[in-house]
Visitor: 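Below you'll find the structure I mean.
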Amino acid sequence: MKIIFRGAALEVGRSCIEIKTDKSKILLDCGVKLGKTIEYPILDESIRDVDKVFISHAHLDHSGALPILFHKKIDVPVVTTELTKKLIKILLKDMVKIAEFENKKILFNNHDMKETIRHTIPLNYKDKKYYKDFSYEFFNAGHIPGSASILLEYEEKNKTILYTGDTKLRNTRLTKGADLSYIKDDIDILIIESTYGNSIHPNRKAVELSFIEKIKEILFKGGIALIPVFAVDRAQEILLILNDYNIDAPIYLDGMAVDVTKLMLKYKELLNEGYKLEECLKNVKLIEKSEDRVKAIENLSKNGGIVITTAGMLDGGPILYYLKLFMHDPRNALLLTGYQVRDSNGRHLIETGKIYIGENEVKPNLEVCLYNFSCHAGMDELHEIIKKVNPELLIIQHGEETQATVLRNWALEHGFDAIVPKLGEKIRL
């Protein structure tokens with residue numbers, strides 16, 4: 001058996017792991033890394049005979065390279081949850097739209113996207129299936145609605161592999177925490193994310209209160225709170241928070257988050273506070289066409305308010321349009337709500353105080369704040385998963401070098417055999 005790391009090794013982005021035996025070859029995720037340019041996993045000719053692709057969740061860093069397979073005429077079945085399938089369709093269309101607008105080269109076309117969706121097979125949680133020399137089963141990963149941890153059992157090799165994907169143990173307003181019922185027997189190999197492998201998340205309630213106080217401060221001055229979000233999860237989480245604290249101000253929801261929120265309302269059973277999401281939209285103005293945005297900008301300019309829009313790392317999307325208009329008024333503020341990947345526009349802003357809008361690097365004259373509403377496991381949650389699974393081999397990926405190394409050092413100190421693979425590395429078992 002070989003495990004090959006085609007992406008997300010010592011980095012966050014382009015998740016793609018190959019598992020190969022003498023009878024089967026699969027991929028766990030197939031994502032891209034978004035930034036100034038789009039980076040892809042290593043998808044060379046050796047993947048041409050891949051049997052199946054399993055997608056843990058819809059975020060583009062786990063699903064955005066799927067159409068490349070079909071561009072290469074590799075008609076492979078893609079297995080994921082039903083909600084993830086529908087979210088992938090929305091996200092891929094938006095990715096192409098933004099890339100075309102910003103003249104970024106992508107390695108697939110609309111036909112490839114349609115083929116991706118046509119070949120995608122939904123799988124329910126805990127619906128165990130068999131294929132060639134292994135079985136596979138999905139469990140709620142707690143990261144975003146529809147996300148899955150993937151359990152693989154290779155009976156001939158006497159190996160059980162658990163791929164957490166992106167995961168979170170604690171409930172958020174939107175999402176129920178991870179289902180760890182996959183821990184039935186010994187799991188030989190645990191492949192775990194390490195996005196926050198060296199830090200514990202702050203108290204969620206305290207973060208919410210700080211966030212709300214800042215919004216009230218902005219609104220009191222007559223300013224505009226610009227809130228860039230990930231369309232899947234973070235947009236809905238912010239809506240739920242604003243609704244719960246009864247913020248009395250115009251709230252606008254723009255970008256891909258509109259379609260995603262409408263879709264999630266059809267899957268309330270997968271949400272933690274799903275029954276409240278519909279209530280949130282009663283107090284929100286949806287930007288669904290260009291005239292809506294023109295009217296919103298006119299009202300915001302006069303009265304202030306709140307804009308929730310994509311993209312969460314400031315790499316494209318409507319947020320840059322709003323920033324260009326409102327970044328020179330110090331009454332306004334930009335409230336970042338998610339992880340800013342290395343080389344993203346958002347990380348550049350945090351580190352330099354400057355941001356790229358188009359080809360121009362500019363220094364915004366507004367306050368920039370960062371709030372940790374992460375839907376990833378913190379360091380303490382990762383430790384808890386590792387201890388409960390108790391694997392023979394721990395493989396740490398999906399984390400920048402510092403985070404992955406700190407988690408590995410902790411694991412070694414606690415008696416686990418732990419490795420941090422490099423990009424392209426092959427592990428033979």
Visitor: Considering residues at least two apart in sequence or located in another chain, which fulfil the side chain to side chain contact (heavy atoms under 4.5 Å, CB included) criterion with Ile98?
Guide: Asp94, Glu102
Visitor: Who passes salt bridge (Lys or Arg N to Asp or Glu O under 4.0 Å) against Lys2, sequence neighbours left out?
Guide: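 Residues passing salt bridge (Lys or Arg N to Asp or Glu O under 4.0 Å) with Lys2: none at all.
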Visitor: How would you list, by chain and number, every residue that makes a side chain to side chain contact (heavy atoms under 4.5 Å, CB included) with Ser181, sequence neighbours excluded?
Guide: Lys126, Phe139, Asp179
Visitor: Could you tell me whether a side-chain N or O of Thr80 sits under 3.5 Å from a main-chain N or O of Ile55, the two making a donor and an acceptor?
Guide: yes
Visitor: With a 4.0 Å cut-off, would you call Asp49 and Lys25 a salt bridge?
Guide: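 Counted as a salt bridge, because a side-chain N and a carboxylate O are separated by less than 4.0 Å.
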Visitor: According to side-chain hydrogen bond (donor to acceptor under 3.5 Å, both in side chains), who are the partners of Thr81, at least two apart in sequence or on a separate chain?
Guide: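 For Thr81 the side-chain hydrogen bond (donor to acceptor under 3.5 Å, both in side chains) partners, ignoring immediate neighbours, are Thr84.
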Visitor: Hey, can you tell me if Phe54 and Phe134 have their rings parallel, tilted or perpendicular (30° and 60° cut-offs)?
Guide: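 Perpendicular, since the angle between the ring planes exceeds 60°.
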Visitor: Heavy-atom distance under 4.5 Å between the side chains of Tyr131 and Tyr136, does that happen here?
Guide: yes
Visitor: Answer yes or no: is there a donor N or O on one side and an acceptor on the other, between the side chain of Gln340 and the main chain of Gly312, under 3.5 Å?
Guide: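 Pair found, side chain donor or acceptor close to backbone of Gly312.
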Visitor: Rounded to the nearest 0.5 Å, how far does OG1 of Thr309 lie from CD1 of Ile238?
Guide: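 Atom-to-atom, Ile238:CD1 and Thr309:OG1 are 13.0 Å apart.
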Visitor: Does Ile88 reach the side chain of Val78, with side-chain heavy atoms less than 4.5 Å apart?
Guide: no
Visitor: With sequence neighbours left out, what residues match Lys128 under salt bridge (Lys or Arg N to Asp or Glu O under 4.0 Å)?
Guide: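 Listed in chain order: Glu153.
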Visitor: Provide the full list of ring pair (Phe, Tyr, Trp, His ring centres under 6.0 Å) pairs with a residue in residues 365-386, sequence neighbours left out, each pair given once.
Guide: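 Output for this query lists His143-His376, Phe211-Tyr371, Phe211-Phe373, His376-His398, His383-Trp410.
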Visitor: Hey, is Arg342 close enough to Glu401 for a salt bridge, meaning N to O under 4.0 Å?
Guide: no
Visitor: Applying salt bridge (Lys or Arg N to Asp or Glu O under 4.0 Å) between Glu278 and each of Lys268, Lys262, Lys266, report the one that passes.
Guide: Lys268
Visitor: Would you confirm whether Arg408, through its side chain, and Ala418, through its main-chain N or O, come within 3.5 Å as a donor-acceptor pair?
Guide: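 A pair under 3.5 Å: yes.
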Visitor: Would you mind listing every ring pair (Phe, Tyr, Trp, His ring centres under 6.0 Å) that reaches into residues 250-295, with sequence neighbours excluded?
Guide: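 Output for this query is empty, none listed.
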Visitor: Inspect the contact between Lys85 and Glu82 and indicate whether a charged nitrogen and a carboxylate oxygen are less than 4.0 angstrom apart.
Guide: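 Lys85 and Glu82: not salt-bridged.
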Visitor: Taking the side chain as everything from C-beta on, heavy atoms only, tell me whether Asp233 gets closer than 4.5 Å to Pro145.
Guide: yes
Visitor: Using modelled atom types only, decide if a donor and an acceptor are shared between the side chain of Ser56 and the backbone of Ala148 within a distance under 3.5 Å.
Guide: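 Not confirmed, Ser56 side chain does not pair with Ala148 backbone.
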Visitor: Where the side chain of His59 meets the backbone of Val232, is there a donor-acceptor pair that is under 3.5 Å apart?
Guide: yes
Visitor: Quick check: do His201 and Asp380 have side-chain heavy atoms less than 4.5 Å from each other?
Guide: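 No, side chains not in contact.
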Visitor: Evaluate whether atom NZ of Lys104 has more than 12 neighbouring non-hydrogen atoms of other residues, nucleotides or ligands under 6.0 angstrom away.
Guide: yes
Visitor: Sub-3.5 Å donor-acceptor pair from the side chain of Glu381 to the main-chain atoms of Gly378, do we have one?
Guide: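 It does hold such a pair.
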Visitor: May I ask you to decide if Lys289's main-chain N or O and Asp292's side chain share a donor-acceptor pair within less than 3.5 Å?
Guide: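 Checked: pair present.
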Visitor: Please list, chain by chain and in numerical order, all residues satisfying side chain to side chain contact (heavy atoms under 4.5 Å, CB included) with Lys132, sequence neighbours excluded.
Guide: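 Here the qualifying residues are Ser24, Asp51.
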Visitor: Look up atom CG in Leu366 and atom NE2 in His328, then write down how far apart they are to the nearest 0.5 Å.
Guide: 9.0 Å
Visitor: Kindly determine whether Leu271 and Leu265 satisfy side-chain contact (heavy atoms from CB on, under 4.5 Å), including the steps that lead there.
Guide: CA-CA 9 Å; Leu271 310 181; Leu265 288 173; 5.9 Å; no
Visitor: For the pair Lys72 (side chain) and Leu43 (backbone), establish whether a donor and an acceptor sit closer than 3.5 Å, ignoring hydrogens and angles.
Guide: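 Yes, the answer is positive, given that a donor and an acceptor are paired below the 3.5 Å cut-off.
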Visitor: Yes or no on salt bridge (charged side-chain N to carboxylate O under 4.0 Å, His left out) for Glu237 and Arg234, after CA distance, side-chain angles and deciding distance?
Guide: CA-CA 5 Å; Glu237 184 82 4; Arg234 199 56 40 81; over 6 Å; no
Visitor: Enter the distance from Lys168:NZ to Ser374:OG here, rounded to the nearest 0.5 Å.
Guide: 6.0 Å
Visitor: Please name all residues satisfying side chain to side chain contact (heavy atoms under 4.5 Å, CB included) with Leu107, sequence neighbours left out, ordered by chain then number.
Guide: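 Partners of Leu107 under the side chain to side chain contact (heavy atoms under 4.5 Å, CB included) test: Tyr40, Ile68, Lys105.
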Visitor: Can you tell me how far apart NZ (Lys363) and CG (Leu349) are? Round to the nearest 0.5 Å.
Guide: 8.5 Å
Visitor: Test salt bridge (charged side-chain N to carboxylate O under 4.0 Å, His left out) on Lys422 and Glu425; report intermediate values, then the result.
Guide: CA-CA 5 Å; Lys422 296 176 182 176; Glu425 186 170 341; over 6 Å; no
Visitor: I'd like to know if the side chain of Asn345 and the backbone of Ile355 have a donor-acceptor N/O pair within less than 3.5 Å.
Guide: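 No; judged by distance alone, with no hydrogens or angles, the pair does not exist.
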Visitor: Would you give the length of the straight line joining atom OG of Ser199 to atom CG of Asn372, rounded to the nearest 0.5 angstrom?
Guide: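 Answer rounded to 0.5 Å: 7.5 Å.
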Visitor: Between Lys302 and Glu298, does at least one N-O distance fall below 4.0 Å, as a salt bridge requires?
Guide: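 Here Lys302 pairs with Glu298 in a salt bridge, since their nearest N and O are under 4.0 Å apart.
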Visitor: Verify the distance criterion only: is there a donor paired with an acceptor across the side chains of Ser344 and Asp315 at less than 3.5 Å?
Guide: no
Visitor: Before you tell me yes or no, could you show the steps for Leu407 and Ile386 under side-chain contact (heavy atoms from CB on, under 4.5 Å), namely the whole-Å CA-CA distance, both residues' side-chain angles and the distance that decides it to 0.1 Å?
Guide: CA-CA 10 Å; Leu407 184 60; Ile386 294 167; 4.1 Å; yes
Visitor: May I ask you to decide if Gly31's main-chain N or O and Ser15's side chain share a donor-acceptor pair within less than 3.5 Å?
Guide: no
Visitor: Please name all residues satisfying side-chain hydrogen bond (donor to acceptor under 3.5 Å, both in side chains) with Arg173, sequence neighbours left out, ordered by chain then number.
Guide: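 Checked Arg173 against side-chain hydrogen bond (donor to acceptor under 3.5 Å, both in side chains); matches are Glu208, Asp244.
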Visitor: Under the criterion side-chain contact (heavy atoms from CB on, under 4.5 Å), which of Leu335, Leu323, Asn332 is the partner of Leu226?
Guide: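 Output: one option passes, namely Leu323.
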Visitor: Quick one: do Ile212 and Ile247 satisfy side-chain contact (heavy atoms from CB on, under 4.5 Å)? Show the steps, please.
Guide: CA-CA 8 Å; Ile212 292 298; Ile247 295 299; 4.0 Å; yes
Visitor: Report the residues that fulfil side-chain hydrogen bond (donor to acceptor under 3.5 Å, both in side chains) with Asn243, sequence neighbours left out, ordered by chain and then residue number.
Guide: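 By the side-chain hydrogen bond (donor to acceptor under 3.5 Å, both in side chains) rule, Asn243 matches Glu279.
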Visitor: Using 0.5 Å steps for rounding, measure from the CD1 atom of Ile192 to the OG1 atom of Thr164.
Guide: 5.0 Å
Visitor: Is any NZ, NE, NH1 or NH2 atom of the basic residue among Lys157 and Asp22 found under 4.0 Å from an Asp or Glu carboxylate oxygen of the other?
Guide: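 Yes, charged N to carboxylate O under 4.0 Å.
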Visitor: With sequence neighbours left out, write down each residue that passes salt bridge (Lys or Arg N to Asp or Glu O under 4.0 Å) with Glu361, or none if nothing qualifies.
Guide: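 Glu361 satisfies salt bridge (Lys or Arg N to Asp or Glu O under 4.0 Å) with no residue once adjacent residues are dropped.
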Visitor: Under the side-chain contact (heavy atoms from CB on, under 4.5 Å) rule, what do Met113 and Val96 come out as? Steps first, then yes or no, please.
Guide: CA-CA 9 Å; Met113 286 195 305; Val96 172; 3.5 Å; yes
